[in-house]
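Working notes for the structure below.
Numbers for residues simply follow the sequence, beginning at 1.
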Amino acid sequence: MKITTVFKDLSNAISLCNKCGACYYVGEDEQLPLCPMYSYDKSFAFSPSGLNFVSRALLEARIGYTPSVADFAFSCTGCGACNETCYAVPYPEPHAGPWDIVRALRHELMERGLIPAGPMTSIAETVKKEGDLLSNVQWANKIPDTVLSDQADTVLFAECFHSPVQAGIYDAAVRVLEKIGKPVSVFSDGGCCGSSLYDFGLWDELQHLVETKWGNMRESLEKEFLFINPHCQEFVVKRYPEILPDSQAIKTRHFSELLLQSLKEGKLKSKKNNKVTVTYHDPCSLGRGLGIYAPPREVLAGLEGVELKEMKGNRFNSFCCGARALGEYHPEFSKETAKKGIENFEKTGAEILITACPYCKGAFEKAFSEGGKDRVKDLIEFVDEHTD
């Protein structure tokens, strides 16, 4: 959905919802919660369909735009599960699923100055002032000369690394690159790739940010961009072409795919490890967004002594970690969503929870009980620990 698509343009898509329930649970014999909002408060209102009916009422002027509507619209975690399961998505033009409708509604609310009080207000003020969510964040991560090369055919996309969790995963990625002898150049100015601005409805500032990023990326179009953060990869792959009609397709790869290739080619060698059981959480942007489900599992299968136990909700039906609330505008909801993921993990009896997204790891770490943080690992960190 292009950022030139405004809320009122989606009236046809909004009118097609028939409350079928496909957007918030899956399964026939035993319903498996899919929408974090619905799981948090099992009522129709707190579901993608509920948000859709609020949207319809706004467009038909049956209710007005109010701060309470803004609070409601920003309670969605943006996991995208509803977009995948909604039967109405393919039909109207422009194509828009429930999550697309929520994004457009947020933009409409931003335009009207209706921003939830608290941290979301500060986020909006920062973006409107600086043009970027992370422009003032100092990015201290370095890359050794043994890996860094301007002549490399791979560019490590290192935007959005602004927390200790993300920095730790980046450091592990650098160590892995050293092990496999993979030279890279680095693309980073310490800012945001644009995905957060898009999801938060800050579309007026998004155009310039993406134009600037793309202008810097154009110098490396013949190279492959290697992504650690799947949110960045999905946004660059899917949204940059929508925002910039003259942009070109670029070659991209997620780090999990590089890990798999390196294990198969013998560039990474599994250590002789003690047996350990793990389960894998599919990140929303990596799985539903990019369709990357198999590579992380194949990586784990290629490590000696590692046994994978699947959670009941996995792959397409993975339950969101709650990170896109970022603990910022709805911290309790975000934490409770992550706790449900931990409960699903613990039901498997596995020792370690593996994911492949910095946001997911951060959300789970916050929700683990005291002393449990060591039980969650990013795939890159886990591979770094278990390979030579």
Side-chain angles (χ1 to χ4, degrees), residues 79-81 84 153-158 160 166 169-170 172-182 184 223-238 249-271 273 276-311 313-321 323 341 345 348 350 352-361 364 376-388:
C79 70
E84 297 296 320
D153 59 5
T154 298
V155 181
L156 181 63
F157 192 92
C160 303
Q166 292 161 329
I169 295 169
Y170 173 87
V174 170
R175 289 192 295 270
V176 169
L177 290 171
E178 286 187 290
K179 290 178 185 180
I180 64 179
K182 179 71 173 176
V184 296
K223 300 182 179 183
E224 180 180 71
F225 283 81
L226 178 64
F227 287 82
I228 295 173
N229 189 326
H231 287 268
C232 296
Q233 185 175 357
E234 182 192 15
F235 187 71
V236 170
V237 169
K238 291 186 174 180
I250 61 172
K251 293 179 289 184
T252 68
R253 181 157 52 155
H254 186 256
F255 213 94
S256 63
E257 296 173 306
L258 174 65
L259 294 174
L260 179 58
Q261 179 186 359
S262 301
L263 282 168
K264 286 181 174 179
E265 293 177 350
K267 294 178 180 178
L268 275 177
K269 299 186 184 297
S270 178
K271 293 179 180 177
N273 303 298
V276 59
T277 55
V278 304
T279 193
Y280 174 69
H281 166 80
D282 290 277
C284 299
S285 288
L286 187 64
R288 285 186 282 261
L290 294 165
I292 297 176
Y293 294 108
R297 290 174 168 83
E298 292 181 35
V299 167
L300 293 170
L303 298 175
E304 187 174 339
V306 176
E307 178 188 356
L308 175 64
K309 294 185 174 183
E310 292 283 7
M311 287 187 279
N314 61 71
R315 295 178 174 82
F316 183 81
N317 294 327
S318 176
F319 189 74
C320 178
C321 71
F345 152 61
T348 68
I352 303 293
L353 172 60
I354 307 290
T355 187
C357 170
Y359 296 159
C360 291
K361 188 194 174 189
F364 287 133
V376 57
K377 301 279 186 182
D378 186 86
L379 180 68
I380 301 172
E381 295 174 316
F382 190 76
V383 170
D384 179 38
E385 293 171 358
H386 288 75
T387 58
D388 294 315

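Considering K223, K182, K251 in turn, K182 is the only one that fulfils the side-chain hydrogen bond (donor to acceptor under 3.5 Å, both in side chains) rule with T154. The side-chain hydrogen bond (donor to acceptor under 3.5 Å, both in side chains) test with T387 is passed by exactly one of K179, K269, K271: K179.
Between N314 and M311, the shortest heavy-atom distance links the atoms ND2-O, 2.6 Å. Smallest separation of non-hydrogen atoms from K238 and G289: NZ-O, 2.6 Å. Heavy atoms only, all atoms of each residue included: I228 and I169 are closest at CG2-CG2, 3.8 Å. For the pair H231 and Y359, the tightest heavy-atom approach, listed with the atom from each and the gap, is CD2-CD1, 3.2 Å. In this structure, F157 and C232 approach most closely via the heavy-atom pair CE2-CB, 3.8 Å.
Every residue was checked against the salt bridge (charged side-chain N to carboxylate O under 4.0 Å, His left out) condition with K309, not counting sequence neighbours, and none meets it. Applying the side-chain contact (heavy atoms from CB on, under 4.5 Å) criterion to K264, with sequence neighbours excluded, gives L260, E298. In this view, K377 and E385 satisfy the salt bridge (charged side-chain N to carboxylate O under 4.0 Å, His left out) rule, not counting sequence neighbours. Applying the side-chain hydrogen bond (donor to acceptor under 3.5 Å, both in side chains) test to T252 and every residue at least two apart in sequence or in another chain returns Q233. The salt bridge (charged side-chain N to carboxylate O under 4.0 Å, His left out) search around E310 returns R297, R315, not counting sequence neighbours. Looking at residues two or more places apart in sequence or on another chain, you find no side-chain hydrogen bond (donor to acceptor under 3.5 Å, both in side chains) involving S318.
At least one side-chain heavy atom of V276 sits under 4.5 Å from a side-chain heavy atom of F382. In this structure, the side chains of L286 and T355 stay at 4.5 Å or more apart for every pair of heavy atoms. By the 4.5 Å heavy-atom criterion applied to side chains, H254 and P296 are not counted as neighbours. Residues L177 and L258 meet the side-chain proximity criterion, which asks for heavy atoms closer than 4.5 Å. Within the 4.5 Å cutoff, side-chain heavy atoms of Y170 are placed close to those of L156. Between E234 and P230 there is no side-chain heavy-atom pair separated by less than 4.5 Å. No side-chain heavy atom of L259 sits less than 4.5 Å from a side-chain heavy atom of I180. Counting heavy atoms from C-beta outward, N317 and D282 have side chains that stay 4.5 Å or more apart.
With rounding to the nearest 0.5 Å, the separation of OG in S262 from CD in E257 is 11.5 Å. Here N229 contributes atom CG and C360 contributes atom SG; the two are 9.0 Å apart, rounded to the nearest 0.5 Å. The distance from the CD1 atom of I292 to the CZ atom of R253 is 10.5 Å, given to the nearest 0.5 Å. In this structure, the separation between CD1 on I380 and OG on S256 is 8.0 Å, given to the nearest 0.5 Å. Expressed to the nearest 0.5 Å, how far CG of L308 lies from CD1 of I352 amounts to 13.0 Å. A distance of 9.5 Å separates CZ in F255 from CG in L379, rounded to the nearest 0.5 Å.
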One pair to check against side-chain contact (heavy atoms from CB on, under 4.5 Å): F225 and V236. What are the steps and the verdict? CA-CA 10 Å; F225 283 81; V236 170; over 6 Å; no
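Between F364 and H281, the ring planes lie perpendicular to each other; the angle is over 60°, past the 30° to 60° tilted range.
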